Amino acid sequence: MKQLALAVMMTAQAALAEGAFTLTLAPKERATLEQQIATARARSPDTFRQVAALRASLARLDHGKRGRYAPVTSWLNAIPQATWALADAIVFSGGVDASLPLTARVAWQAGLLESLGARREPKTEGLLVAVLVSPGLESAVRRSAADALGRLGTESAAQALVAAASAASGVDREAVLAGMGTCRRLTVTAFLAQALARASVESEQLALIKALSVNGNAWALETPAGAPAPAEVRRIQTTAAGALVKAFVATSGRVKTEAHDGLRIVNAPDTALLLAQSRAADPVGVDALLQDLRR
Amino acid sequence: MFRRSVWCVTACLAVGCSERVLPSLESGASTVTIIPGTPPIDLRADVNRNGVVELEGAADDEAEDTWDARHGAVFLPNIDDDAMRCRGTDMSGRPLADSALPGCNDATDEIVNGDDDLKDLARLELVRWPEAPAGTVVRLSVAPADAKVRLFRKAGDRTEAIDLDLPLATADLVGGVTFLLEGTDVVRDEAAWDGFVDVSVQVTVPDTRYWKGGTYTDTVRLRSSPVLTFHHLSPTETAYASNIPGERDSAIFLRDVRAGLTLANPNITFVTPDLEDQWTQDFFETGYASMPGPGGAQQVMRVFFRSANIENPFSRSFPLREAGRIVFTRFRGKDVAGVQQVDLGSSEETQTLNSFGNFETVPPHSTPTRNWPLGRVIRGSVRGYAPDQSFVRMTEAQKYQEPSINVDTAWLLVGHVDETISYLKASTPRGWIVLANDARLARQMLLDAQANGNGSTRLFVGKRWLDDMGNELNAETTVSALLANADVMQASAEAAVKVDEQLAILKRETGLTDAEIVKVPFLHEPVMGASLAHQPGTVNLFVIDERTVAVPDPHGPIINGKDLFKTQLESALAPYQVRVQWVENWNLYHRAAGEVHCGTNAMRAIPSVKWWEVTP
C-alpha cells in the first residue's frame, strides 16, 4: 500500500515536471481536467500531436524569430479545436528543455496561454487562474495568463483578475494589470480606472493605460466575443475614457501620449464631452486631442 | 596658411625681384639693404574639392585651416580591403572571433595596399622651398593627437608611414613632398573625436641674412567622410536576399524577388548568400563614404554596417548575430568596408531594435530650420525601449543624417519601423511619398465587402501553417470571421492609432501632408501584448526603384475575380506609375513575423548630392 502511494506520488510529480508550468491544482480540479483532456484526446488526437509537434519546432522558431519573441501564439491559434490539447500542454505534457533560450521558453508558455484564452472556453477558467497566481512566472508569461483569463469575459474571471492584481506587487502586479484589459467587464474597467487614478509610478501608469485601451477598445467591443456583456459596453467605454481623460490632462511625456492614444482606441461616444469637462486642466492638449478624434 | 614671403629689398630695381628668386648681391648696385623675409611655408590639400591639390594659385590655400560647406579638404576612413587580403579566419583556418573580425583592413597596416588603396588616401603637398637654409627643422603634426589618421610620405613610387615623433629631412622641404592621409576608422563617438583633423607643418628656420629665424606653421584642416545610408530615392544596384539551402519556400521567394529586379532593371546584381538567417534586412545596413575625386566625381567607399544584435550573450568569441559576419567575410573588399559597433552589455529585451529593419532613411527634405538633402535616419526608439546606444552614438556622430527621427515601435511585437511605413520616389513637389499601414482602411474594405454580400468570401486561400512534423494547418478564414475576431479587431484598432502617432511625428519633422501619404491596408493581431501583421504586411515592401516595388502577396478575398487588397494597392500606386511585383512570402516570412522588406536588402546608387557641400 505504501509502495503504491509512493508510485502514485512519483507519477504525479513526473507529470507535473513535464508540464509547461508547475501548478497547484486541487485534486478534484486535476481529475476533472484529466478527464476532459482524455475525452478530447480520444476525439481528436491530431490536435495533441500538432501541439507536441509545435513544441518540437520551438528551437527553430526561436532561432528564426525576427523580433523579441517567436509568434508562437499565431502558430498555436492555427490549430483548430485544440483547447484541451493546450490545457494538456500547460499542465501535463508541454514542458520544454530548460537549455532552450529564455525567449523560446517564454514564447512557448505565453503562446499556450494566449491561444487557450483565444478559445474562450469557460471550463479553462480554473486552470488559467491557477497559472495566473503561480509564483515565479516571467512577467511576460504572467501578462499572458491575465490576458487569456480576461478573454473568457466572465464575471468570475473578472473578479479573479482583480483579486490577483490586488494581491500582487511590483512587476507581478504590473504584469497582471497589463494583461487584464481583455476582460471587458465593468468590474475590471472600474478597478483599472481607480488604479490609474492612484498610480504614481510611470511603468504602472503605462500598464494601466494599455489595459484600459484594450478594455474599452471600440472595434473589439463591436464583436460578439469582444463584448461578453453587451449591457455593460457603454459603461465600460465611458469609464475607460473617463480614466484616460483624467490621466491625459494630469500627466506629461510618454504617459500623456499613451493616454492620448488610448482615448482614440477606446473612441467612446462621450469622450469629447469628458474632454470638454476637463479642458481647463490642459486646454491646448485637449483641443489638439479633440481635433485628432474628429479624424 | 600660405605665408607670402616679403622681400623688402631696396635698390633692387635692376634685378627684377621676385618671390622665388633670392636677390643677388652681385647685382652691381652700390648699396643693398636686405630685410630678412618670412619663409614660404606652405602645406596644401584639396581645399577646393576638385579632386586635385593645386600648388599654384590660392584655390587650395585660402582658408585652408577652416572647414565648411564651401571649402575644406576631405579624407576617407580607409577601412576597405583593396588588396583582398583579409579573411574571416585565423592562420589555422578557424573563424575569427567577432571582436577580431573588423581588425583587418587597409588602415590596420602601415603600408599602402596597392594603387587602388592609393586612391582612397587624401593627398597633401608640402610646397617646395628650394632656398630653405641648412639647419631648418621640419616637423609634421596632427591635432587632435588621437585623431584616427595615419600619414604617409610619398617618395617616388614608394610610400612610407610617417613617425610623427621624428622630424622630416630638410631636403623634403627643399624639394617639396607629397603626403598621403588615411583615416584609420570611422567616427564613432563625437565626444572622443569629431572627425576633424588639423595637419600642420612646423618649420624651425635658423636666423640667416635672408630669412627671419623662428618657427613657422602652416595648418590644413580636413574632415573624415561620414558614413551615409541610402534612402529609397536611389535605385538599387545590388540586391540581397538569403538563400536558405534546401528550403523550397526560400527558392519561391527568391524567384519572385528576382522577377521584380528583372522588371526594374536586368542589370541589377542579385546576391543570394546561403544563410540560415532569412532576415536579410536586419543583419546589415548599406551605406557609403566619399571624398572629392578628379573631374567632379566622388571617390566612393561602400560601407556595410553589421547589426549590433547580440545572439549568444554567453559566448566569449561569437556573441553577435552570426549572419552579420558576412559583412566582413564576404562583402569587405576593394572599395568596400565593414563596420561593427556594439555594446555587449545592451539588454536582451531591446535586441530586436538593433536589427536594421528598425533603421531606415527618410528621403531628402527641408524644414524651416534645416535641410536634409541626404535624408534622415528614422528608428523605433522611445525612452526605456531604445536600440544599442553605442551604435546610436556612432550614427549620430556621422552628423549629416542625424539626429534621427524617433517613433514609437514598442507596441509592435517585432518593433521595427519597416513594419508600418515606407517611402517611394514620386513626381511631386517633395519628390517622394510615404506608404503607411492603415488598419482602418483594411477594416472598412472588409466591412464594405461584407455589406456587398461577400462575408463568406475566404482569405488566405491555400495558405497553411506548417510545423516541423509536416502537420499542415489551414490558415483560411472569411471576411465575416475576420471582422468578428475580437482579438484581431482589438490589435487593429490599436495599430490604426499607433501608426497615426508615427505619422504625426513624421509630419512634424518633415512637413509631410496627408495628401502625400498612400494608405496600405492590413489588419493586425495581438501576440504577447504586442501587435503583429495578421494579413501579410504589404507596406513591408522592397522599393527596387522609383517604378518598381516587390510586395508580399496579401492573399486577400477574391471578389469579382480579383484580390481585393491587390487591387487596392495597385490602384493606389498607379498615379505614381509604380508597378507591383507580388512576392509569395507567406510560409518563410509572414508566418515568422516578417515580410518582403525584412527578407531583402539593397546597395543603391550613390546620390549626386555631395555631403561636403551640405551644412549639417
Side-chain angles (χ1 to χ4, degrees), chain A residues 46 49-50 52-54 56-57 60-61 63-75 77-80 102-103 106-107 110-111 114 118 140 143-144 147 151 178-179 182 202-203 210 213-214 217-227 253-254 257 260-262 264-265 267 292 295, chain B residues 276-279 282 311 348-352 355 357 382-384 408 411-416 419 439 443 464-471 473-475 483-494 496-498 500-501 504 525-530 532 534 588-589 591-594 598:
Chain A
D46 280 355
R49 280 198 293 273
Q50 285 161 344
L54 199 58
S57 312
R60 182 181 56 80
L61 287 177
H63 186 69
K65 69 180 183 293
R66 192 179 187 220
R68 285 169 271 191
Y69 300 102
V72 175
T73 306
S74 308
W75 287 75
N77 282 348
I79 305 175
L102 180 63
T103 50
V106 167
E114 291 187 353
R143 195 217 65 80
S144 293
D147 180 307
R151 290 192 214 189
T182 53
E202 184 180 289
S203 57
K210 168 88 176 180
S213 69
V214 167
N217 188 299
W219 292 8
L221 282 167
E222 288 179 26
T223 65
R254 194 171 170 199
T257 302
H260 169 282
D261 291 354
R264 294 193 63 209
I265 293 166
N267 200 23
D292 285 345
R295 287 163 57 91
Chain B
E276 293 295 332
D277 191 331
Q278 77 257 43
W279 309 116
D282 289 343
E311 196 170 66
E348 183 174 351
E349 177 72 9
T350 58
Q351 283 308 311
T352 185
S355 294
V382 291
R383 189 161 51 83
D408 182 4
W411 57 279
L412 291 159
L413 179 72
V414 175
H416 295 177
E419 293 178 83
R443 180 172 178 260
R464 299 281 186 271
W465 296 80
L466 185 72
D467 61 42
D468 279 0
M469 309 297 280
N471 294 301
L473 306 167
N474 193 349
L483 288 168
N485 187 322
D487 302 330
V488 168
M489 288 301 121
Q490 171 197 308
S492 298
E494 182 192 34
V497 170
K498 290 296 184 182
D500 282 349
E501 187 71 29
E525 67 183 57
V527 176
M528 297 182 71
L532 185 63
H534 181 70
L588 191 58
Y589 293 92
R591 291 193 310 203
C598 312

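None of the values given here were measured: they were computed from a predicted structure. So that the names make sense, note that chain A is the first sequence line, chain B the second, and so on, each numbered from 1.
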S.K.: Have a look at B:Leu473 and tell me which of A:Leu54, A:Asp46, A:Ile79 forms a side chain to side chain contact (heavy atoms under 4.5 Å, CB included) with it.
M.R.: A:Ile79

S.K.: Could you tell me which portion of A:Ala118 (side chain, backbone, both or neither) has an atom closer than 4.5 angstrom to a non-hydrogen atom of chain B?
M.R.: both

S.K.: As an exercise, state the distance from CZ of B:Arg443 to CD of A:Glu222, rounded to the nearest 0.5 Å.
M.R.: 4.5 Å

S.K.: Measuring heavy-atom distances to chain A, does B:Val488 have an atom under 4.5 Å in its side chain, in its backbone, in both, or in neither?
M.R.: neither

S.K.: Would you please test B:His416 and A:Arg66 for side chain to side chain contact (heavy atoms under 4.5 Å, CB included) and show each step?
M.R.: CA-CA 10 Å; B:His416 295 177; A:Arg66 192 179 187 220; 3.2 Å; yes

S.K.: Return the option, out of B:Asn474, B:Asp277, B:Leu412, with the maximum number of heavy-atom pairs under 4.5 Å with chain A.
M.R.: B:Leu412

S.K.: On a heavy-atom basis, which atom in A:Asn217 and which in B:Met489 lie closest, and how many Å separate them?
M.R.: OD1-O, 4.0 Å

S.K.: For the residue pair A:Thr257 and B:Glu501, confirm or rule out a side-chain donor-acceptor distance under 3.5 Å.
M.R.: no

S.K.: To the nearest 0.5 Å, how far apart are CZ in A:Arg151 and CG in B:Asp487?
M.R.: 4.0 Å

S.K.: List the atom of A:Thr223, the atom of B:Ala486, and the distance in Å for their closest heavy-atom pair.
M.R.: OG1-CB, 3.2 Å

S.K.: Quick one: CH2 on A:Trp219 to CG on B:Asn485, what's the gap to the nearest 0.5 Å?
M.R.: 13.0 Å

S.K.: Under 4.5 Å heavy-atom distance to chain A, tell me which part of B:Ala593 shows up: side chain, backbone, both or neither.
M.R.: both

S.K.: Given that the side chain runs from C-beta out, which part of B:Glu348 has a heavy atom under 4.5 Å from chain A: side chain, backbone, both or neither?
M.R.: side chain

S.K.: Is B:Glu494 close to chain A through its backbone or its side chain, or both, or neither, when contacts mean heavy atoms under 4.5 Å?
M.R.: both

S.K.: Heavy-atom pairs under 4.5 Å with chain A: which of B:Gln278, B:Gln351, B:Lys498 has the most?
M.R.: B:Lys498

S.K.: For B:Thr350, which atoms come within 4.5 Å of any heavy atom of chain A: side chain, backbone, both, or neither?
M.R.: neither

S.K.: Given that the side chain runs from C-beta out, which part of A:Ala78 has a heavy atom under 4.5 Å from chain B: side chain, backbone, both or neither?
M.R.: both

S.K.: Report which part of B:Leu532 has an atom under 4.5 Å of a heavy atom belonging to chain A: side chain, backbone, both, or neither.
M.R.: side chain

S.K.: Rounded at 0.5 Å granularity, tell me how far CZ in A:Arg254 sits from CG in B:Asp408.
M.R.: 5.5 Å

S.K.: So what's closer than 4.5 Å to chain B heavy atoms on A:Ser213: side chain, backbone, both or neither?
M.R.: neither

S.K.: Rounded to the nearest 0.5 Å, what separates atom CG in A:Asn77 from atom NE2 in B:His534?
M.R.: 9.0 Å

S.K.: Would you give the length of the straight line joining atom CE of B:Met528 to atom OG1 of A:Thr73, rounded to the nearest 0.5 angstrom?
M.R.: 6.5 Å

